[in-house]
Undergrad: 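Sharing a structure here in structure tokens format.
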Number of protein chains: 2
Amino acid sequence: MGATKTEIFSEQQNRIADLAKAFAHPARVAILQLLIAKKACVCGDLVDELPLAQPTVSQHLKELKRIGIIKGEIDPPRVCYCINETVWEEARQVFGSLLNALMTEKTTCC
Amino acid sequence: MGATKTEIFSEQQNRIADLAKAFAHPARVAILQLLIAKKACVCGDLVDELPLAQPTVSQHLKELKRIGIIKGEIDPPRVCYCINETVWEEARQVFGSLLNALMTEKTTCC
DNA sequence: ATAACCTATCGTAATATTGCGATAAAGGGA
DNA sequence: TCCCTTTATCGCAATATTACGATAGGTTAT
């Protein structure tokens, strides 16, 4: 064992978990914040802003791309990354309904 | 290496990452959904609802407690878990501002 | 006291993640 | 063509996470 048993959970639950992983590491949070503020966009600029080695940043960018929350446009020899607004909106919607679910229900248990 | 270099990131970034970890595993998403819907609250009921062994569920509950998003009240011999509304509100606020930040900015880069 | 029940913890195994040096790949310009 | 710049990938090491059987701990009921 050691691997997450994804097959026993719903599509929705797995998607939420995947989207959350985009924010589950401070380096990725920093990258996303930089992309939003547009203080950086090109991979090299991100490396300059972050106290991490270039391969490490590249790996985090790859993970964010896998999740779909960013997209990269090659502009040789650079690659310009930006937020994928469609997936960002999905995350907004998903976390919005999850986090607002508590409001509609009433806590009466313990 | 292999450990996250938490010391080089801001408190805020590390807190966001930690809160996101609560949602970064489908089992924890399922647990939180059950706690919200109050289909279960007692540890044993959660184990019944989830296709995971009791120690595994207990471990996820421990992680959620570490983050602070749930709290457990012992009601011997049971333990009744529920959402910690204060931290849940923190998460709502944190993810809300992060996910809404894109709206205020305008995407003009790539 | 002992039995029964419920949950936590320990120990272990398997897999995943994080980080980085070295190196490859891809394109532009001399 | 040969470099130069930039990014991706490989390979490795260290640490973290996930999962569960076995067992311990704590409380109630008998």
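Any value given below was found using the heavy atoms of this structure, including those in side chains, with hydrogens, waters and symmetry copies removed. In what follows, chains carry the letters A, B, and so on, assigned in the order in which the sequence lines appear, proteins first and then strands, with residues in each chain numbered from 1.
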Undergrad: Quick check: do B:Leu98 and A:Gln33 have side-chain heavy atoms less than 4.5 Å from each other?
TA: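 Of all side-chain heavy-atom pairs linking A:Gln33 with B:Leu98, at least one is under 4.5 Å.
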Undergrad: Is B:Arg78 close enough to D:dG26 that one of its side-chain N or O atoms is under 4.0 Å from OP1 or OP2 there?
TA: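 No, B:Arg78 has no side-chain N/O under 4.0 Å of OP1/OP2 on D:dG26.
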Undergrad: Report which part of the nucleic acid A:Pro77 touches: base, sugar-phosphate, or nothing (heavy-atom distance under 4.0 Å, all strands).
TA: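 Base contact - A:Pro77 has a heavy atom under 4.0 Å of at least one base atom.
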Undergrad: Any chain of hydrophobic side-chain contacts (each under 4.5 Å) joining B:Leu34 to A:Leu99?
TA: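 Looking at the clustering, A:Leu99 is in the same group as B:Leu34.
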Undergrad: Could you tell me how far apart A:Lys62 (NZ) and C:dA16 (P) are, to the nearest whole angstrom?
TA: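 For the pair A:Lys62 NZ and C:dA16 P, the rounded distance is 14 Å.
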Undergrad: Classify the side chain of B:Gln59 and the base of C:dA8 as holding, or not holding, a donor-acceptor pair under 3.5 Å.
TA: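 Flag unset: no donor-acceptor pair detected.
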Undergrad: Rounded to whole angstroms, how far apart are CG on B:Asn14 and P on D:dA16?
TA: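 After rounding, the reported distance stands at 14 Å.
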Undergrad: In whole angstrom, what separates B:Asp75's CG from C:dC5's P?
TA: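 After rounding, the gap between these two atoms is 17 Å.
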Undergrad: In whole Å, I'd like the distance from the CG atom of B:Leu61 to the P atom of D:dT18.
TA: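 Value for this atom pair: 13 Å.
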Undergrad: Taking everything shown except A:Glu11 itself, do over 12 heavy atoms lie less than 6.0 Å from its CD?
TA: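 No.
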Undergrad: Which nucleotide in the set D:dT28, D:dT18, C:dA8 lies at the smallest distance from any side-chain heavy atom of A:Thr4?
TA: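 Within the option list, the nearest is D:dT18.
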Undergrad: Rounded to the nearest angstrom, tell me the gap between atom CG in B:Leu64 and atom C1' in D:dT17.
TA: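 After rounding, the gap between these two atoms is 14 Å.
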Undergrad: In whole angstrom, what separates A:His60's NE2 from D:dT9's C1'?
TA: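 After rounding, the gap between these two atoms is 16 Å.
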Undergrad: Please determine, for the side chain of A:Ala3, which listed nucleotide (C:dT7, C:dA16, D:dC20) has the closest atom?
TA: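 In terms of side-chain proximity for A:Ala3, the closest of C:dT7, C:dA16, D:dC20 is C:dA16.
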Undergrad: Quick check for you: among C:dT18, C:dC20, C:dA8, whose closest atom lies nearest to any side-chain atom of B:Lys65?
TA: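 Side chain of B:Lys65 sits closest to C:dA8.
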Undergrad: With sugar-phosphate meaning primed atoms plus P, OP1 and OP2, does B:Glu63 contact a base, only sugar-phosphate, or nothing at under 4.0 Å between heavy atoms?
TA: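 Nothing: the residue B:Glu63, judged by heavy atoms under 4.0 Å, touches no strand.
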Undergrad: So A:Ile74 and A:Val79, do their side chains get closer than 4.5 Å, heavy atoms only?
TA: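 In contact.
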Undergrad: Using a cut-off of 4.0 Å on non-hydrogen atoms, how would the nucleic acid contact of A:Ser58 be classed: base, sugar-phosphate, or nothing?
TA: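 The residue A:Ser58 makes base contact.
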Undergrad: Any side-chain N or O of B:Lys5 less than 4.0 Å from the OP1 or OP2 oxygen of D:dT15?
TA: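 It does not, given that no N or O in the side chain of B:Lys5 lies less than 4.0 Å from OP1 or OP2 of D:dT15.
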Undergrad: Using the side-chain heavy atoms of A:Thr56, tell me which of these nucleotides is nearest: C:dG19, D:dT17, C:dA8.
TA: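 So the side chain of A:Thr56 is nearest to C:dG19.
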Undergrad: Whole-Å distance between C:dT7 P and B:Leu46 CG?
TA: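 In whole Å, C:dT7 P lies 9 Å from B:Leu46 CG.
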Undergrad: Report the distance from atom CD of A:Gln54 to atom P of C:dA22, rounded to the nearest whole Å.
TA: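 Whole-Å distance recorded here is 13 Å.
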Undergrad: Out of the candidates B:Ile16, B:Asn14, B:Asp18, only one should pair with A:Pro26 under the side-chain contact (heavy atoms from CB on, under 4.5 Å) rule; please name it.
TA: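 So the option named by the test is B:Asn14.
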Undergrad: To the side chain of A:Tyr81, which of D:dT7, D:dT18, C:dA8 is closest?
TA: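 My answer, after comparing the listed nucleotides, is D:dT7.
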Undergrad: Is A:Val47 touching bases, backbone alone, or none of the nucleic acid, heavy atoms closer than 4.0 Å?
TA: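 No contact.
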Undergrad: Side-chain N or O of B:His25 less than 4.0 angstrom from OP1 or OP2 on D:dA19?
TA: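 Yes, within the criterion.
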Undergrad: If you assign each of A:Pro55 and B:Lys21 to its closest nucleotide in DNA chain D, which residue comes earlier from the 5' end?
TA: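 With A:Pro55 and B:Lys21 compared, the 5'-side residue is A:Pro55.
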Undergrad: Which of these nucleotides, C:dT7, D:dA19, C:dC20, is closest to any side-chain atom of B:Cys43?
TA: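 Shortest atom-to-atom distance from the side chain points to C:dT7.
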Undergrad: Touch check for A:Ile74, heavy atoms < 4.0 angstrom, all strands: base, sugar-phosphate only, or nothing?
TA: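 Nothing, no nucleic acid heavy atom in range.
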Undergrad: Do A:Lys71 and A:Val87 have side-chain heavy atoms sitting under 4.5 Å apart?
TA: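 A:Lys71 vs A:Val87: side chains apart.
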Undergrad: I want to verify a distance call: between D:dT7, C:dT9, C:dG19, whose nearest atom is closest to the A:Val79 side chain?
TA: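 The listed nucleotide nearest to A:Val79's side chain is D:dT7.
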